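Comments concern the structure below.
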Amino acid sequence: MTSNPTRRTALVDAAIEVLAREGARGLTFRAVDVEAGVPKGTASNYFANRDDLLRQVAEHIHVRLTPDAVRLAETMDAPPDKSLVVRLLQELLGRLQVDRTGYLALLELRLEATRRPELQAALTKAISTHLEENVRFHLDAGLPGDRTTVVSLYLAMSGLVVEHLTLPEVLPEEEMTRLITALVERT
């Protein structure tokens, strides 16, 4: 397999775009090549097969959805109270809205993982690790609540994000802040 980390990342990002737009069935090496604007056959030089491509997308997708370290540090200058938790969740929603295709690709991966045991294992590992990092971050920052609080907010936000990014008319934009605040208050 060819080893050019910058190009590999560009191909994985292109695969995320294709996955979000076309679904798992539309994710082909040729579609990735076209999306990345590289010569035909390039993706097949970087990934052993389609399963390898899906696995690498599963491992990379959270990188795109991770907050900018500088912005997160600025946010974390506030007192560790419920209002900070609300702000963190609002910023999460904002990032997902900006990279809507990244989140939609993650949903496609979740569906595809129900049919592909190896992808399910890779995605389970990536999401479990991400969730545990969130729990650790929350507790280390002295934010209110415990592990159950963080997991509950994760599950509630997952549902809110799915509704908002797939069917935006169900939960209008102007309700998001109120809903997020209520989630934090009630959790």
Side-chain angles (χ1 to χ4, degrees), residues 12-27 31 35 54-55 57-68 71-72 75-76 78 81-116 119-139 141 143-187:
V12 171
D13 281 332
I16 290 170
E17 297 299 318
V18 171
L19 192 56
R21 186 179 58 246
E22 306 293 331
R25 292 192 186 273
L27 184 64
E35 182 69 28
L54 286 166
R55 181 188 54 75
V57 166
E59 292 170 356
H60 176 72
I61 203 156
H62 285 95
V63 172
R64 284 180 50 158
L65 303 176
T66 299
D68 175 72
R71 180 166 174 146
L72 181 60
T75 299
M76 294 308 294
D81 57 15
K82 287 181 181 180
S83 65
L84 179 56
V85 176
V86 169
R87 184 171 171 196
L88 288 166
L89 294 179
Q90 289 171 325
E91 289 180 7
L92 167 66
L93 180 61
R95 281 193 315 280
L96 298 179
Q97 287 173 306
V98 167
D99 191 2
R100 181 174 183 264
T101 56
Y103 192 78
L104 294 177
L106 180 57
L107 293 176
E108 287 289 340
L109 277 176
R110 284 174 174 261
L111 291 172
E112 190 65 14
T114 65
R115 296 177 286 276
R116 295 176 178 266
L119 177 59
Q120 187 174 49
L123 195 55
T124 296
K125 180 181 178 191
I127 290 177
S128 295
T129 299
H130 184 72
L131 178 58
E132 289 309 316
E133 288 170 359
N134 282 331
V135 169
R136 189 172 28 261
F137 175 85
H138 187 98
L139 298 177
L143 293 166
D146 57 10
R147 183 180 197 292
T148 300
T149 303
V150 179
V151 173
S152 297
L153 287 171
Y154 163 79
L155 294 171
M157 283 298 292
S158 294
L160 184 142
V161 169
V162 167
E163 288 300 321
H164 192 60
L165 295 184
T166 61
L167 301 170
E169 301 302 316
V170 171
L171 300 171
E173 183 71 36
E174 57 274 4
E175 285 187 46
M176 291 298 106
T177 299
R178 185 181 58 76
L179 288 170
I180 290 170
T181 301
L183 286 174
V184 171
E185 288 295 325
R186 293 175 185 183
T187 302

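The structure displayed is predicted, hence computed values, not measured ones.
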Any side-chain heavy atom of Glu108 sitting closer than 4.5 Å to one from Leu104?
-> no

Heavy-atom closest contact (Gly26 atom, Ala31 atom, distance) | O-CB, 3.6 Å

Going by an N to O cut-off under 4.0 Å, is there a salt bridge joining Glu91 and Arg95?
-> no

In Å, rounded to the nearest 0.5 Å, how long is the span from CZ of Arg115 to CD of Gln120?
-> 11.0 Å

Contact summary for Leu72 and Pro67, nearest pair of heavy atoms = CD2-CG, 4.1 Å

So, do Glu112 and Leu19 sit near enough that their side-chain heavy atoms are less than 4.5 Å apart?
-> no

Is the backbone of Leu111 close enough, under 3.5 Å, to the side chain of Thr114 for a donor and an acceptor to pair up by distance?
-> yes

With a 4.5 Å heavy-atom cut-off, do Tyr154 and Leu92 have their side chains touching?
-> no

Steps toward side chain to side chain contact (heavy atoms under 4.5 Å, CB included) verdict (His60, Ile16) | CA-CA 9 Å; His60 176 72; Ile16 290 170; 3.9 Å; yes

Value rounded to 0.5 Å, distance of CZ in Arg147 from CG in Leu131 | 6.0 Å

When every non-hydrogen atom of Val57 is compared with those of Leu109, the smallest separation belongs to CG1-CD1, 3.6 Å

Between Thr124 (side chain) and Ala121 (backbone), is there a donor-acceptor pair under 3.5 Å?
-> no

Could you tell me which non-hydrogen atom of Ser152 sits nearest to which non-hydrogen atom of Thr187, and how far apart they are?
-> CB-CG2, 3.8 Å

Considering only distance and modelled atom types, tabulate donor-acceptor pairs under 3.5 Å from the side chains of residues 176-183, sequence neighbours left out.
{"from": "Thr177", "atom 1": "OG1", "to": "Gln90", "atom 2": "NE2", "distance (Å)": "3.2"}
{"from": "Arg178", "atom 1": "NH2", "to": "Glu175", "atom 2": "OE1", "distance (Å)": "3.1"}
{"from": "Thr181", "atom 1": "OG1", "to": "Thr177", "atom 2": "O", "distance (Å)": "2.9"}

To the nearest 0.5 Å, atom CG of Leu89 lies from atom CG of Leu84 at 9.5 Å

Verdict with supporting geometry, Glu22 and Arg25, salt bridge (Lys or Arg N to Asp or Glu O under 4.0 Å) | CA-CA 7 Å; Glu22 306 293 331; Arg25 292 192 186 273; over 6 Å; no

Tell me, do Glu35 and Asp13 make a side-chain contact under 4.5 Å, heavy atoms counted?
-> no

Salt bridge Glu132-Arg136, side-chain N to carboxylate O under 4.0 Å = no

Under 3.5 Å, is there a donor-acceptor pair between the side chain of Arg100 and the main chain of Leu165?
-> yes

Apply side-chain contact (heavy atoms from CB on, under 4.5 Å) to Val162 and list each qualifying residue two or more places apart in sequence or on a separate chain.
-> Tyr103, Leu107, Thr166

Determine the minimum heavy-atom distance between Ala20 and Thr101, stating which atoms define it.
-> CB-O, 3.1 Å

With rounding to the nearest 0.5 Å, note down the distance linking CG in Asp99 to CD in Glu17.
-> 7.0 Å

Looking only at atom types and distance, does a side-chain atom of His138 sit under 3.5 Å from a main-chain N or O of Pro144, one as donor and one as acceptor?
-> yes

Just how far is it from atom CD of Glu169 to atom CD of Glu163, taken to the nearest 0.5 Å?
-> 12.0 Å

Between Leu143 and Leu88, is any pair of side-chain heavy atoms under 4.5 Å apart?
-> yes

To the nearest 0.5 Å, what is the distance between CG (Leu106) and CG (Leu123)?
-> 6.0 Å

